[in-house]
4 protein chains.
Amino acid sequence: MDFDIDPGLPVPIYRQIVEQVRRQVAGGVWRTGDELPSVRALAQQHAINPMTVSKAYGLLEAEGLLQRRRGMGMAVADVRPARRPAQRLALLDPALQAAAQQAAQLGLGATAALQAFKQCLRQQGLMEEDDDA
Amino acid sequence: MDFDIDPGLPVPIYRQIVEQVRRQVAGGVWRTGDELPSVRALAQQHAINPMTVSKAYGLLEAEGLLQRRRGMGMAVADVRPARRPAQRLALLDPALQAAAQQAAQLGLGATAALQAFKQCLRQQGLMEEDDDA
Amino acid sequence: MDFDIDPGLPVPIYRQIVEQVRRQVAGGVWRTGDELPSVRALAQQHAINPMTVSKAYGLLEAEGLLQRRRGMGMAVADVRPARRPAQRLALLDPALQAAAQQAAQLGLGATAALQAFKQCLRQQGLMEEDDDA
Amino acid sequence: MDFDIDPGLPVPIYRQIVEQVRRQVAGGVWRTGDELPSVRALAQQHAINPMTVSKAYGLLEAEGLLQRRRGMGMAVADVRPARRPAQRLALLDPALQAAAQQAAQLGLGATAALQAFKQCLRQQGLMEEDDDA
DNA sequence: GTGGTCTAGACCACT
DNA sequence: GTGGTCTAGACCACG
């Protein structure tokens, strides 16, 4: 239940939290009933303001991904499995679209773009080093 | 000389313009002397504020990518495109890194991510429809 | 475009704002493109903190009811008409359910409850004074 | 001696208990000497915290509606129910007022609101299914 | 001018 | 202990 927060990024802190939860839940890494770190704990751990964490949690609750259990913290809500399989790729799509558009504008070919992407996937541990799929 | 502008994206409009020009020039798609649409034309075409276009053009001029020619609008300045693919790939890298990281967090495999990326590249006209490279 | 805000109520201010917008939009009183008062204006008018207003607007934007127009304030979003006809009654249901349950617990009959409700509707100007429908 | 508790509602659980007891007693549905479920039983039955039940019972005792009988649990105290319907209707009024106001804001007519309310009353068993009073 | 974000700190309510 | 709400004030980004 770790968060990767970097106040230096251009993307707001509360949004970093929101997006990480979204992906971890969509990816099935976090499951229904899992408890999240408390607002205060997460805030202290990353030296950020509790209200910033609270804002993120509030948005995720409104979104239906988290469930508030009064006096007992937040937990991953009962996400319908229908949400998962198809929508994981949908969550990835914007990033891929942006990358493809940029490749076109840079006058790069598909082969070069794919090679570079494979390299990134390897860095993420999603491909073997010598795999050239 | 088309721009792809979406006021709905989180990235500011002026920045969408700046980055597209940067890439088209770096990629050699636009070349020295090519004329850009006038501030008014671009603003009207995309229903955005002329000041927004003007701000983008101003930044690009300060950057040396564009040249203001009195009474004749803006044109691509005398800059050489990044000749070597490596330089252009470097500009593409951030987008690919982000996509790969998100794929990992979503619990997706390299194969699925690559398939989806190929689909995006096809939509950009960088791959043949039936190519599965 | 008036808001009826009472800091004395048990329901949080930001939620009073959210619910009023929801109903006015669902009821068709406010329509697509209508501009809302600015965060600062609404805050000053009711002597509340701008952040409180901002929180409400933010939730309504996430909900899709409002649209942010950068640098130009918020406006009623392009609400699909499908949203209106059936869902208006759905928005009223919780209040009616609660009232019916309380009537039952108070040992009141349907006739008495209906009479009292009609009286309330008259006070809201929804029925003629001498109407007994 | 049933309670209708929903942790999902915005109204706190302890308050849901308090208000239901108040109404059942005022309506004469529960009478002097009637025994309430034990703190533990009620807590287990609805999967809520015993302290929450205890808090509600304590408030009701302080209010004089319940009586603690050593070793024998809580029972309805020696209170006369609100005999006149007018008194009971007064307790129902806030809920009806809220519903009528919301109907107005939703742009609904009296007829539609009344029909929906009748349906709710039927679900509570206060009207015959085919009654259209 | 617009809204967004974050901070610091206070107070409340629920369990 | 938990989260929720509000305030006051600062700074940023956008148009």
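So that the names make sense, note that chain A is the first sequence line, chain B the second, and so on, each numbered from 1. These numbers come from the heavy atoms of this one structure, side chains and all, not from hydrogens, waters or symmetry mates.
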Q: Return yes when atom CD of C:Q44 has more than 12 non-hydrogen atoms of other residues, nucleotides or ligands closer than 6.0 Å, and no otherwise.
A: no
Q. Between C:M72 and C:Y14, which is nearer to the 5' end of DNA chain F once each is assigned its nearest nucleotide?
A. C:Y14
Q) Which comes earlier along DNA chain F counting from the 5' end, the contact point of B:I13 or that of A:R70, where each point is its nearest nucleotide? A)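 Taking each residue's closest nucleotide, the earlier one in sequence belongs to A:R70.
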(Q) Given E:dG3, E:dT5, F:dG3, identify the nucleotide with an atom nearest to the side chain of C:R68. (A) E:dG3
Q.
Closest approach to the side chain of A:S54, judged atom by atom: which nucleotide of F:dG4, E:dT7, E:dG4 is it?
A. F:dG4
**Q.** Side-chain H-bond candidate by donor/acceptor type, D:D4 with C:Q101, under 3.5 Å
**A.** yes
[N] [atom2] sits how many Å from [X] [atom1], rounded?
X	N	atom1	atom2	result
B:H46	F:dC14	NE2	C1'	18 Å
C:M51	F:dG4	CE	C1'	13 Å
A:R15	E:dG3	CZ	C1'	14 Å
C:Q67	E:dT2	CD	P	19 Å
A:L42	F:dG3	CG	C1'	13 Å
B:L9	F:dC14	CG	P	13 Å
A:R69	F:dG3	CZ	C1'	13 Å
A:M74	E:dC14	CE	C1'	14 Å

How would you label the contact of [X] with the nucleic acid (heavy atoms, under 4.0 Å): base, sugar-phosphate, or nothing?
X	result
A:N49	base
A:R40	base
D:K55	base

Q. Does E:dG9 have a Watson-Crick or wobble mate here (both distances under 3.5 Å), and if so which one?
A.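 Paired with E:dG9, as far as the under-3.5 Å criterion goes, is F:dC6.
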**Q.** D:P12 vs C:S38, nearer the 5' end of DNA chain E by closest nucleotide
**A.** C:S38
Q) Which sits closer to the 5' end of DNA chain E, A:A47 or D:I48, going by the nucleotide each is nearest to? A) A:A47
(Q) Within the structure provided, determine whether B:Q102 and A:E19 are in side-chain contact (heavy-atom separation under 4.5 Å). (A)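 When only atoms from C-beta onward are counted, A:E19 and B:Q102 do not touch, as no gap falls below 4.5 Å.
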**Q.** Any C:D93 side-chain heavy atom under 4.5 Å of D:C120 side chain
**A.** yes
(Q) For a quick test of reading the model: is some side-chain N or O of C:T52 closer than 4.0 Å to OP1 or OP2 of F:dT5? (A)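 Answer is no, no contact under 4.0 Å.
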Q | Any donor-acceptor N/O pair, C:R88 side chain to D:G107 backbone, under 3.5 Å | A |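 Checked: pair present.
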